[in-house]
2 protein chains.
Amino acid sequence: MVPCLKDVAERAGVSVSTASIALRQDPRVKEETRRRIAQAAEELGYRPNGIARDLKTRRTGMIAILLHSLGGPFFSELVRGIEDAVHVSDFMPIVSSSGKDDSALRRFLLEKRVDGAIILNSNIDEEVLQTVASESMPIVVLDRSIHLEHVYPVMCDHRTGARRATRHLMDLGYPEVAFISGPADSYHGRLRHDGYVDAHASLGRQVDERMIYHGTFTEGSGYDIARRMAENGRMPQAIFAANDEMAIGALRAFGELGVRVPQDVAIVGFDDIRLANYVTPSLSTVRQPMYDLGVTAAKTLLRMLKGERGFAPAELQTELIVRQSSTGFPG
Amino acid sequence: MVPCLKDVAERAGVSVSTASIALRQDPRVKEETRRRIAQAAEELGYRPNGIARDLKTRRTGMIAILLHSLGGPFFSELVRGIEDAVHVSDFMPIVSSSGKDDSALRRFLLEKRVDGAIILNSNIDEEVLQTVASESMPIVVLDRSIHLEHVYPVMCDHRTGARRATRHLMDLGYPEVAFISGPADSYHGRLRHDGYVDAHASLGRQVDERMIYHGTFTEGSGYDIARRMAENGRMPQAIFAANDEMAIGALRAFGELGVRVPQDVAIVGFDDIRLANYVTPSLSTVRQPMYDLGVTAAKTLLRMLKGERGFAPAELQTELIVRQSSTGFPG
DNA sequence: ATCAAGTGTCGAAACGATTCGAACTACATG
DNA sequence: CATGTAGTTCGAATCGTTTCGACACTTGAT
């Protein structure tokens with residue numbers, strides 16, 4: 001049905017091996033023969049079968065980008081960074097959401113359908129990565145501090161980012177900053193919490209545990225917490241939320257309750273999702289350089305694919321973005 | 001280095017063929033043999049090589065989702081729909097942004113590294129699709145009216161959506177509705193324009209060409225056009241914009257100029273990007289059911305992969321979403 | 001005892017490319 | 001004339017699976 005190299009070779013009256021190298025412009029084959037082969041290929045509409053080639057050459061030229069889900073607000077910047085950086089090589093990135101089960105991991109990494117992978121999915125535990133990564137299957141993990149052979153982390157310093165955000169509020173003059181945290185078992189939630197604590201330590205202040213509220217990284221949880229604050233009469237003057245979604249939920253609650261932001265309460269979020277710039281008031285936040293993270297991850301992986309090891313893993317810094325929600329002065 | 005089936009077979013003292021079927025739980029092999037083979041595989045850490053399997057079975061179990069870019073506002077819903085629908089089969093979707101050049105197309109479709117594809121990228125022209133699609137490489141194209149063998153379109157009825165949006169404004173009582181169109185060479189731009197015209201025809205009205213402005217689908221172009229309208233003193237009372245980005249640009253311009261929306265001018269956009277619900281005033285718009293489009297595209301492709309042909313292509317309807325920007329009454 | 005129909009296993013041939021070493025020609029060199 | 005060398009081409013092995021037909025051995029029915 002679909003023509004293979006053998007068909008081309010026969011039509012051109014040469015052997016398969018000659019046809020193979022001829023089509024790749026190998027100088028060993030005579031100009032005239034090469035032309036004949038090219039023409040035969042053209043006439044038959046021959047296309048090399050990538051799978052067969054991959055099998056023989058033992059490389060696929062593809063790298064997997066495994067994300068928890070494609071819905072996240074940043075991943076598109078991230079992927080853009082990866083793509084731009086990978087573009088200079090002859091690799092091609094493919095994106096797959098790996099979700100909860102590890103079918104994508106099996107399919108791509110264990111069954112060797114890619115040459116390497118960049119993983120941003122905290123559901124995949126270290127043990128699995130351990131068994132999957134190898135000399136011939138290098139892996140870059142984003143946003144996790146993992147040190148395994150053949151696995152490189154590319155991190156963003158959330159802790160420092162959270163410290164700066166908290167300090168920003170403190171430096172504005174707010175004596176007490178409340179914290180809307182993420183779930184207790186969230187790695188990033190913990191880092192941001194640590195940064196919040198660091199900020200207090202840096203000024204020799206005590207953290208008041210009653211100022212820490214536990215959310216779930218959803219807008220709804222931020223909304224609920226903000227309502228509780230207002231209705232219990234325990235309104236803080238400043239809030240640092242562990243992500244923008246929750247901060248936006250809080251904004252909505254305060255809007256409904258007539259609590260003015262930033263006059264009555266200042267708010268800073270984390271992540272700089274696109275929405276942060278469009279809500280009213282616009283939300284101060286901590287931005288992760290997603291594009292750069294992508295570039296760095298890709299570059300790291302390409303180095304590993306070249307066989308390099310032992311270089312230092314990268315860590316990128318966050319950026320504090322001050323918008324309306326934290327530009328007032330303590331009332 | 002990495003163990004292959006032969007190694008497993010040797011260690012278990014059976015032939016390669018027996019090992020092969022045993023590992024797939026084939027009832028032909030005796031329970032005890034199977035156990036022995038399973039154990040050998042386990043001890044060696046054997047993982048079947050997917051590439052070899054794909055080569056032999058002539059299918060990869062993967063379908064490509066080729067998008068122009070991953071940045072678009074809807075594609076994540078779309079992909080979610082595809083993934084949910086594909087999940088019931090044993091196929092696995094992979095996403096790749098195909099951009100301008102066709103390297104992804106070559107790599108995946110021509111070199112047969114996938115079993116089929118869903119394409120949302122108007123840069124890929126019909127001729128290319130023609131040569132790529134085949135009995136064994138079915139393709140679904142989104143949002144384009146293409147009829148080729150082995151290529152199925154899955155469309156959303158933009159024209160009717162645009163007509164309804166325009167009629168919505170007319171029915172509110174606005175005698176004249178201006179139109180901020182997309183670029184002239186844009187397929188969707190034209191459909192939306194046609195719908196705008198249809199709405200006039202449905203009431204026996206003439207389209208006033210001077211009410212049609214040409215934008216580029218960017219926020220900036222919407223902004224510029226709105227400023228021109230206001231400054232030239234040719235302010236319409238109602239505007240239908242061919243997409244939300246331009247509508248939001250117009251909102252921004254009017255905000256700056258003190259033109260009130262919807263009191264002074266009503267605006268409706270198209271697409272229902274997430275932002276539409278968050279701008280002030282919130283933007284009325286026409287929503288494409290991206291999730292459903294994804295589901296439909298995937299189901300269509302799965303049918304083709306089963307060998308079905310000749311069924312009718314699907315077309316989905318849009319949904320008019322009325323928000324603040326068009327809830328006033330003609331002033 | 002003979003045949004038919006299972007069981008369980010195996011060897012070899014695919015799948016469609018790449019690659020290595022051999023081989024053949026033609027020509028120049030010692 | 002033997003030998004070397006460069007330029008072309010070829011045959012066969014290989015990558016790691018799956019699959020098909022053959023084969024040996026039981027078993028139960030005739």
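Keep in mind the model is a prediction, meaning the values are calculated, not measured. Computed from heavy atoms alone, side chains included, the values below leave out hydrogens, waters and symmetry copies. Below, chains carry the letters A, B, ... as their sequence lines are ordered, and counting in each starts from 1.
- Atom C1' of nucleotide C/dA12 and atom NZ of B/Lys56 are separated by 11 Å, given to the nearest angstrom.
- Spacing between atom CG of A/Leu5 and atom C1' of C/dT18 amounts to 9 Å, rounded to whole angstrom units.
- Look at B/Arg80 and B/Glu77 and you find a salt bridge, because one of the NZ, NE, NH1 or NH2 atoms lies within 4.0 Å of a carboxylate O, short of that distance.
- Atom P of nucleotide D/dC15 and atom CG of B/Asn49 are separated by 12 Å, given to the nearest angstrom.
- Between A/Arg24 and the phosphate of C/dT19, there is a side-chain N or O to OP1/OP2 separation shorter than 4.0 Å.
- In this structure, B/Lys6 atom NZ and D/dT18 atom P are separated by 16 Å, rounded to whole Å.
- Using modelled atom types and a 3.5 Å distance limit, the side chains of B/Glu126 and B/Gln130 yield no donor-acceptor pair.
- Listed nucleotides: D/dT9, C/dC15, C/dA17. Nearest to the side chain of B/Leu55: C/dC15.
- With respect to the salt-bridge test (charged N to carboxylate O, under 4.0 angstrom), the residues B/Asp26 and B/Arg24 do not qualify.
- Toward the 5' end of DNA chain C, the nearer of the two residues B/Ser17 and B/Arg58, judged by each one's closest nucleotide, is B/Ser17.
- Rounded to a whole Å, the CG atom of A/Leu23 is 13 Å from the C1' atom of C/dG16.
- To the nearest angstrom, P of D/dA6 lies 19 Å from NZ of A/Lys30.
- Straight-line distance from the CD atom of B/Glu31 to the P atom of C/dT7: 15 Å, rounded to whole Å.
- The side chain of A/Thr18 places no N or O atom within less than 4.0 Å of a non-bridging phosphate oxygen (OP1 or OP2) of D/dT9.
- Among the atoms of the strands shown, only primed sugar atoms or phosphate atoms (P, OP1, OP2) are found under 4.0 Å from some heavy atom of B/Arg47.
- Here B/Thr33 reaches the OP1 or OP2 of C/dT9: one of its side-chain N or O atoms lies under 4.0 Å away.
- Annotation: of the two residues near DNA chain C, A/Arg28 and A/Val16, the 5′-most nearest-nucleotide partner is A/Val16.
- Residues B/Asp54 and B/Arg113 are not paired through a salt bridge, judged by the lack of any N-O separation under 4.0 Å between the basic side chain and the carboxylate.
- Here B/Val14 lies in heavy-atom contact (under 4.0 Å) with sugar-phosphate atoms only.
- The closest side-chain donor-acceptor pair between A/Ser17 and A/Ser20, if any, does not fall under 3.5 angstrom.
- Rounded to whole angstrom, the span from the CG atom of B/Asp54 across to the P atom of C/dG16 amounts to 13 Å.
- Comparing A/Arg36 and B/Val2 by the nucleotide of DNA chain D that holds the closest heavy atom to each, the one mapping nearer the 5' end is A/Arg36.
- Side-chain nitrogen and oxygen atoms of A/Arg53 include none within less than 4.0 Å of the OP1 or OP2 phosphate oxygen of C/dG16.
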